[in-house]
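The following block contains the structure, expressed as structure tokens.
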Amino acid sequence: GTKNTSFQIALITDKGNIDDKSFNQGSWEGVEAFCKANKIKDYQYIKPEDTSDTGYLAAIDNAVTAGAKVIVTPGYLFEVPVYTAQTKYPEVKFILLDGAPHTADYVYETKSNVASIMYAEEQSGYLAGYAAVKDGYTKLGFMGGMAVPAVQAFGYGYLQGVEAAATELGLADGAITVTYHYTGDFAETDTNKAMAKTMYQEGTQVIFACGGSVGKSVMSAANEADAKVIGVDVDQRYDSTTVITSATKGLGASVQAVLESIYNTNSWDTYAGKTTYFDASNNGVGLPTVVIGDEKANAFDRFNSFDKAAYDEVYATLASGSIDLKRTLEVADPNGIATAEELTTGLNLKKVAVTVR
Amino acid sequence: MQNNQASPKFKDMITGITKSKAVSTFTAALLAIALGLIFGFIVMIVAKPENSWYGFTTMLFGGLRRLGDVFYYATPILMTGLSVGFAFKMGLFNIGASGQYTMGMFFALYVGFMWKLPPGIHWIACVLAGMVGGMIWGFIPGICKALANVNEVITSIMFNYIGMYLVDMWIQGNAVIYDSGKTRTSYLPVSAQIPSLGVTGSNVNVAIIIAIALAVILYIVLNKTTFGYELRATGYNRYASKYAGMNDKRNTMLTMLIAGGFSGLGGAFAILAPSTIIGSSMTYEPINVIAANGFNGIAVALLGSSNPIGIIFSALFISHIQRGGTVVSSLYGYKPEIIDVVIAIIIYFSAFAMLMNSNVARMIKKRRLAKEASGNPGNDGQQDRKEA
Amino acid sequence: MNKILNRAAALAAASFNGQGQKAPIESPSGQEAYSINYEDYSEVNMENYIIEMLHITKEFPGIIANDDITLQLKKGEIHALLGENGAGKSTLMSVLFGLHQAEKGEIKKNGEVVRVSNPKDANNLGIGMVHQHFKLVEIFTVLENIILGVEPNKAGFLQKKEAREKVMELSKQYGLHVDPDAIVEKISVGMQQRVEILKMLYRENDILIFDEPTAVLTPQEIDELMDIMRNFAKEGKSILFITHKLNEIMSVADRCTVLRKGKCIGTVEIKNTTKEELSRMMVGRDVNFVVEKQEEKLGEVVLQVSNVTVPSKISKKDAVKDISFEVRAGEIVCLAGIEGNGQSELISAITGLEKMSRGKVTLCGKNITKAPIRQRTKSGMSHIPEDRHKHGLVLDYSLEDNLVLQRYHQPEFQRGGFIKRPAVRSYAERLIKEYDIRSSQGAITIARGMSGGNQQKAIIAREIDKEHKLLIAVQPTRGLDVGAIEFIHKQLVATRDAGKAVLLMSLELDEIMEVSDRILVMYEGEIVGELNPKEITVQELGLYMSGAKRNMEKENSYAE
Amino acid sequence: MDTIYYLVQNMLPVAVPLLLVALGGMFSERSGVINIGLEGIMLFGAFFGCLTVYGIQRTGMGPQMILLVGMLVSAIAGIIFSMLLSFAAVNMKADQTITGTALNMLVPAIVLLFSKMKFNSDGITTDVNFYIQKVPGLSSIPVLGDLFFRKTYLTVYIGFLFLILAAIIFYKTKFGLRLRACGEHPQAADSVGINVYVMRHAGVALSGFLGGIGGFFYAVGVMDGNANGHTGVAGFGFLALAVMIFGQWKPVRIMFAALFFAFLRILAYSVALIPFLHNLNLNQTYFKMLPYVATMIVLIFTSQKSRAPKAEGIPYDKGRR
Ligand SMILES: Nc1ncnc2c1ncn2[C@@H]1O[C@H](COP(=O)(O)OP(=O)(O)OP(=O)(O)O)[C@@H](O)[C@H]1O
Ligand SMILES: Nc1ncnc2c1ncn2[C@@H]1O[C@H](COP(=O)(O)OP(=O)(O)OP(=O)(O)O)[C@@H](O)[C@H]1O
Ligand SMILES: [Mg+2]
Ligand SMILES: [Mg+2]
């Protein structure tokens with residue numbers, strides 16, 4: 001005897017909150033946008049009471065109890081729970097972002113009620129690095145959250161983009177410096193701000209803030225140091241005037257696309273039971289090209305010279321698949337933090353001098 | 001003269017009831033809980049009036065649907081609650097349960113990953129290691145307090161931070177323990193996990209039984225042994241205990257050592273809990289965050305008025321209402337934080353519920369006396385005045 | 001013409017007539033009879049009362065501290081208030097001073113009813129009070145303490161210069177020497193009392209209450225204070241003066257009101273009464289303060305203290321300076337002296353509560369200088385501590401738990417770390433019976449709920465019953481009534497007669513003279529006199545205590 | 001030299017919240033009430049301050065004006081919230097440590113609950129730029145201009161203004177004298193007609209005032225105008241307690257303690273700028289722990305002599321002897 005207790009689309013947040021400027025937020029925006037457009041009222045997000053595999057599984061249980069037919073699980077942390085859930089609830093559809101279901105021992109299997117979505121973060125990072133150097137920046141920074149595959153891919157792509165632009169510009173070896181740092185969390189903290197300020201104090205002109213809410217701290221530091229930031233995941237130009245561009249990945253768009261296939265086009269099979277990559281070829285990643293709410297505005301207005309035309313050009317080469325980017329590196333450190341040498345040799349950097357902090 | 005005879009009898013009755021300490025602390029706790037729940041209900045009415053009644057009843061009884069989880073989540077806070085409550089008995093405020101908890105968790109993890117031991121022994125070794133870790137982290141503030149008179153509240157706050165930083169650094173520096181791809185610890189070997197109690201869909205495990213047993217043992221130690229006698233004496237009156245030749249410094253250190261051990265066990269129990277998913281386990285993410293279960297332990301101890309048996313019930317109660325809160329939030333669209341607010345309010349009121357209780361008793365008594373007095377208008381004082 | 005003041009007198013009124021004549025009347029408790037002098041005062045005098053407290057009743061939970069008390073103060077008189085411990089004197093004065101509110105009764109000033117609901121009201125009425133326990137903020141300067149509450153200020157900012165001038169002037173005028181910039185915790189008790197008096201003068205009070213001001217002074221300082229009080233009276237100030245000491249009343253007071261167990265016994269004109277009568281009024285029977293005891297039989301040395309020095313906690317100086325003495329079996333040695341002359345510190349060092357910086361202490365030949373307290377206790381030291389609430393009892397423990405506070409670890413009361421409850425219970429019950437410790441629920445009564453006298457009895461039972469060779473008793477009768485005092489004195493003497501050594505520390509001159517076999521007087525951390533109570537007078541003892549006289553050199557015979 | 005300027009410029013906005021909150025703690029404790037709830041009071045102040053900023057950021061008001069309005073609101077919020085403590089501690093004679101702990105638990109829960117219900121967020125994000133690149137005129141003074149009048153926040157000046165005011169109130173006014181008396185010997189204060197209850201309420205209210213502002217200044221000077229129920233004020237309330245004890249419950253010493261702590265904290269994150277420290281090649285965690293370890297060590301050496309207000313933590317009961 002209860003009211004309003006069922007919902008058909010559920011999103012389960014991972015450790016972060018729904019406004020984390022990252023996975024949870026991006027995918028939730030996709031869910032909201034889709035539901036609004038299709039007049040679906042019963043959708044909701046659930047915060048698991050425990051950020052462990054069992055906690056996530058319990059949240060899935062809760063969602064199913066409440067009637068969920070489609071469950072969106074943003075992030076690799078759901079890989080193991082979804083593996084169990086796909087068998088436990090065969091009639092429920094799961095959209096797993098940035099991961100593929102597997103057992104605790106890494107035996108992968110994606111059942112037909114699961115759509116696994118991955119993104120080519122390295123391409124997005126590449127575009128950001130490329131644009132910054134083309135725009136004249138020579139002292140760059142990278143502040144990743146933690147060295148997880150997505151953040152690593154962003155960072156490696158970024159360095160490769162920087163190198164590519166420097167080569168195109170014909171700069172000398174070592175002409176570009178990049179300070180490369182993982183903060184160790186995804187939060188807005190005074191310590192992250194202090195780290196960013198120190199980087200700016202050393203002369204860094206722009207920092208690629210690649211770690212959800214870490215961005216808030218970097219923007220705050222940039223504001224005080226009168227310097228620039230590159231955002232991540234979603235278009236962050238609206239968060240601060242210091243953000244020149246953002247290396248986005250189409251979290252919301254991909255969620256919408258999959259929901260579309262379930263509810264409207266009856267084409268779930270395109271995603272079911274496998275991993276689908278969103279990259280430049282299907283407009284899954286990139287820099288923002290429009291300003292929301294103002295069709296005519298120039299999304300590249302915060303660059304000095306880099307513009308839409310230059311962007312389209314490099315984007316086309318990426319989309320064509322002619323550039324082969326590295327997404328992973330062999331890293332000795334248990335934390336996945338590559339040394340400057342590993343980065344330089346692994347990514348074949350010449351023009352770029354990397355300092356790891 | 002009549003009231004002189006009537007009032008002592010009545011007074012005896014009142015004091016007989018209210019002076020029984022166990023009863024009055026219990027009713028005080030109930031009063032505080034009622035006030036907290038009322039507040040929660042009000043927030044629910046404001047937020048979503050149409051669901052408020054279902055929400056409220058679910059908050060109250062929803063946990064019953066998930067009894068296994070109630071016990072499972074009660075385990076670590078029961079341990080930190082014992083830790084805080086035990087130190088309280090000795091007059092020490094162990095706000096450092098968090099750091100001890102984290103340290104215990106690390107020691108348990110370390111033994112879990114780095115030592116190869118036969119199943120059946122491995123998890124026990126991990127649990128003991130956790131206890132040792134917590135003990136170390138409680139002992140140092142104990143030493144500072146005993147030997148240098150440093151306020152243990154400040155020391156243990158500092159130690160929460162230092163412990164947290166150290167553990168995170170140690171974990172991230174160990175490739176076996178840390179899985180950088182997932183930014184958290186790897187899955188523990190099954191042999192290191194505490195045996196499950198086999199409730200489907202819940203992680204409830206043997207640890208809850210150990211925890212309750214420890215609470216009972218603690219109760220016995222406190223109330224039946226010379227050691228407990230000394231500790232409580234020191235807690236009540238440090239000077240008298242010194243006068244009686246009790247070793248105040250040693251007892252301070254010992255208390256913090258034991259309290260730390262309890263918190264450490266809490267951390268070990270939390271991280272060593274079995275998983276409902278085969279091959280999986282609990283994990284820890286080293287992101288420089290102070291363990292919340294340490295602070296929850298303070299709430300548990302306060303609500304249980306530091307009595308080990310009371311702490312068992314208050315841990316179960318808080319866990320129960322939290323589970324209800326999760327159900328409320330996923331089913332009725334309330335924010336789960338509502339439960340945290342309710343719990344904080346309960347603790348706030350429980351800080352002076354005893355006094356409210358006795359005020360109520362006094363009010364009743366006054367009314368009663370006033371009634372008697374009005375029944376016999378000519379009382380002694382007035383007669384005297386007329387005479388004089 | 002008689003004016004009947006209270007019910008007791010009313011009952012008595014039927015049984016006698018005439019003025020200035022002794023007549024037996026019934027005491028409030030209805031047990032013993034005593035006689036009393038009723039003074040003569042007429043209706044006409046009424047106008048002269050500056051303060052009248054009429055039919056004051058004040059209850060505390062469980063006790064009626066003031067029961068229908070009437071007290072009238074004339075302008076310019078010194079009015080003494082006499083009564084046993086707990087008779088309700090301080091309570092009555094607190095009511096007048098606005099610290100407590102009476103349930104019944106009224107206060108009049110110059111014949112008009114006034115409300116005194118807090119000390120501010122009292123101050124506005126010109127009432128000032130020197131409290132039994134000084135109410136001074138220790139970390140403040142003398143000046144700050146004096147002006148606290150009536151600070152001269154401009155827009156809230158302190159004007160200390162102004163205040164200082166006024167204080168210096170008062171100090172000169174009345175010969176109350178103080179240093180306005182000294183920190184209170186570092187000055188002597190005598191000076192602290194002067195600060196309290198200056199506090200009243202600064203407020204221009206003309207009704208002055210002195211609550212047991214002489215308890216902390218030497219006979220010589222007492223004389224000075226008496227002079228100051230007479231001066232005040234001469235200037236037209238009215239004084240209420242609480243004391244237990246009849247001599248003081250006889251020498252300085254004009255009239256005296258006597259309280260007993262919360263009730264008013266009567267008010268007498270001093271010139272018409274005698275000490276004996278006052279004391280009968282006070283306790284309701286003839287008092288025999290003489291302690292019966294035989295000649296001591298000295299045994300071997302039990303406690304030997306050599307060259308002990310103890311640093312002070314509040315100043316850089318030493319509180320105890322190189323002290324040596326010994327106590328033998330079968331004698332009561334008393335440490336006399338004014339509060340704050342190092343006696344407490346010396347005892348703390350001997351009992352192990354504080355560390356000494358130099359010196360040596362042996363107990364029955366065993367060096368216990370650095371021994372932990374438990375070991376001292378085991379080697380035969382029993383200690384009745386100065387502060388029974390701070391050290392002597394765990395107030396939240398039951399009586400039985402308190403009775404085994406020194407013995408719970410002995411095999412008799414524990415096995416394998418577990419306390420043997422039945423053994424504790426039967427032991428407690430034996431002591432309760434032997435020492436007549438009264439409480440509401442017997443062995444399981446929580447100590448906090450017991451009366452001060454019974455709490456003290458419990459401590460004494462515990463310390464005396466325990467196996468010991470040396471009993472250290474520190475102010476064992478403080479705050480107790482006559483009955484309890486008699487009991488304790490008897491116990492001390494019995495202990496001595498049983499061949500134990502007793503070291504007594506006391507501030508009460510009478511107790512010192514009565515109980516001890518030998519007196520060691522301490523002054524400023526040194527022993528300045530070794531006296532035989534049978535050979536000296538109280539006056540002489542006072543001279544030693546005030547440092548005016550000494551018969552001991554620094555290097556004394558006991559030093560090793 | 002640049003590095004020194006940098007360290008000082010960045011140390012001050014961190015030191016000021018510590019300073020203010022520790023001063024607040026001082027007022028409370030010197031009146032006799034232990035205030036362990038400072039962490040909660042700070043977050044409460046920060047939350048309402050930021051909420052105000054959020055509400056008026058689009059009105060075209062200048063940023064420094066917005067800051068002042070936010071400060072006012074945070075002060076009021078702090079006072080109101082602190083009344084929960086003084087009610088429990090003074091009127092209900094509750095255990096002060098327990099009450100403070102309950103309040104510390106209550107605030108993040110309330111902030112999270114409200115933010116979730118209102119913004120679907122963990123807290124409030126504002127976008128006003130409070131930063132002052134340079135103070136006109138004063139910034140060109142050699143050395144001093146660089147140290148104190150560039151790259152800073154208005155909070156720094158207000159903070160030091162409050163320090164001066166606090167010291168004056170504490171030592172030069174009759175209010176201060178009475179307040180201190182209540183924390184040492186409430187019976188004495190009562191006996192000279194001072195209402196101990198009122199003074200203790202006032203002491204706690206002042207800690208609410210300063211704690212609320214301190215929290216808001218933390219939000220402004222450290223968190224760019226944001227308040228978050230999850231990260232809260234990063235333990236600054238507790239650190240302020242340590243600063244207060246370290247500062248021996250005295251205003252000027254508290255200032256030095258706050259600066260000391262803030263300096264170590266900034267140093268920990270500026271290691272890269274200081275070749276000598278950088279070359280040590282230590283794990284950064286060691287530097288992060290430095291402020292806490294240093295505070296511990298200082299406390300170990302000073303605690304024997306440390307003297308807390310004598311009557312702190314003891315509920316005052318008129319009837320008690
Ligand atoms: N605040 C209080 N609460 C409860 N009982 C009290 C309080 N103050 C005094 N009493 C009790 O009231 C009675 C009278 O105490 P009061 O202090 O007036 O005695 P007194 O005559 O001054 O004794 P003394 O000579 O020891 O100073 C005592 O029994 C005492 O225990
Ligand atoms: N304000 C108070 N708070 C708590 N306990 C108190 C208070 N005042 C008095 N008591 C306690 O109440 C009891 C009665 O005290 P009181 O001093 O009246 O005893 P008493 O009449 O002097 O007894 P005795 O004649 O045996 O000394 C004592 O245990 C005393 O410690
Ligand atoms: Mg008494
Ligand atoms: Mg008295």
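A, B, ... follow the sequence lines: proteins, then strands. Residue 1 opens every chain.
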Which region of B:Asn160, side chain (C-beta onward) or backbone (N, CA, C, O), has a non-hydrogen atom less than 4.5 Å from a non-hydrogen atom of chain D, or is it both or neither? neither

Given B:Val153, B:Asp168, B:Leu166, the one with more heavy-atom pairs under 4.5 angstrom with chain D than any other is B:Leu166

Checking heavy atoms, do the side chain of D:Ala234, its backbone, both or neither come under 4.5 Å from chain B? backbone

Identified side-chain contact (heavy atoms from CB on, under 4.5 Å) counterpart of B:Val341 within the set D:Val107, D:Val111, D:Leu112, D:Leu113: D:Leu113

Looking only at heavy atoms, the pair that brings B:Ala351 and D:Thr99 closest together is CB-OG1, 3.8 Å

Residue pair B:Gln172 / D:Thr285, side-chain heavy-atom distance below 4.5 Å: no

Would the number of heavy atoms belonging to other residues, nucleotides or ligands and lying under 6.0 Å from CZ of D:Phe287 be above 12? yes

Residue from D:Pro108, D:Gly235, D:Ala102 scoring the most non-hydrogen pairs under 4.5 Å with chain B is D:Ala102

Quick one: sort the B:Phe295 and D:Phe238 rings into parallel, tilted or perpendicular, breaks at 30° and 60°. parallel

Turns out that what part of B:Phe93 lies under 4.5 Å from chain D's heavy atoms comes down to side chain

Can you tell which of B:Ala301, B:Ala148, B:Pro336 has the highest number of heavy-atom pairs within less than 4.5 Å of chain D? B:Ala148

Rounded to the nearest 0.5 Å, the CG atom of B:Leu302 sits from the OG1 atom of D:Thr97 at a distance of 9.5 Å

Is D:Thr101 in contact with chain B via its backbone, its side chain, both, or neither, using a 4.5 Å heavy-atom distance? side chain

Non-hydrogen atoms of chain B under 4.5 Å away: do they reach the side chain of D:Leu103, the backbone, both or neither? side chain

Mark yes or no for whether B:Tyr348, through its side chain, and D:Leu84, through its backbone, hold a donor-acceptor pair below 3.5 Å. yes

Does any backbone or side-chain atom of B:Ile157 lie under 4.5 Å from a heavy atom of chain D? Answer side chain, backbone, both or neither. side chain

Test item: B:Lys335 and D:Asn120 side chains (from C-beta on) under 4.5 Å apart, heavy atoms: yes

For B:Ala344 versus D:Leu106, what's the shortest heavy-atom pair and its separation? CB-CA, 3.4 Å

Interchain contact, B:Tyr334 with chain D, by part (heavy-atom threshold 4.5 Å): neither

Considering only heavy atoms, which portion of D:Leu241 lies under 4.5 Å from any heavy atom of chain B: side chain, backbone, both, or neither? both

Side chain / backbone / both / neither for B:Ile298 at chain D, heavy atoms under 4.5 Å: side chain

Quick one: pull up CD1 in B:Ile343 and CE in D:Met105 and give me the separation to the nearest 0.5 Å. 6.5 Å

I would like to know whether D:Ile98 and B:Phe88 meet side-chain contact (heavy atoms from CB on, under 4.5 Å); could you show each step before the answer? CA-CA 11 Å; D:Ile98 294 179; B:Phe88 245 137; 4.1 Å; yes

How many angstroms lie between CE in B:Met169 and CE in D:Met289, if you round to the nearest 0.5 Å? 5.5 Å

Heavy-atom count around D:Met117 CE within 6.0 Å, excluding the residue itself: above 12? yes

Can you tell me which portion of B:Leu147 sits under 4.5 Å from chain D's heavy atoms? Options are side chain, backbone, both or neither. backbone

Within-4.5 Å side-chain heavy-atom neighbours: D:Leu239 and B:Met158: yes

With a sphere of 6.0 Å drawn around CZ of D:Phe301, does it hold more than 12 non-hydrogen atoms of other residues, nucleotides or ligands? no

Proximity breakdown for B:Val43 and chain D, heavy-atom pairs closer than 4.5 Å: side chain

Could you tell me which portion of B:Val289 (side chain, backbone, both or neither) has an atom closer than 4.5 angstrom to a non-hydrogen atom of chain D? neither

Can you tell which part of B:Ile162 gets under 4.5 Å to a heavy atom of chain D, answering side chain, backbone, both or neither? both

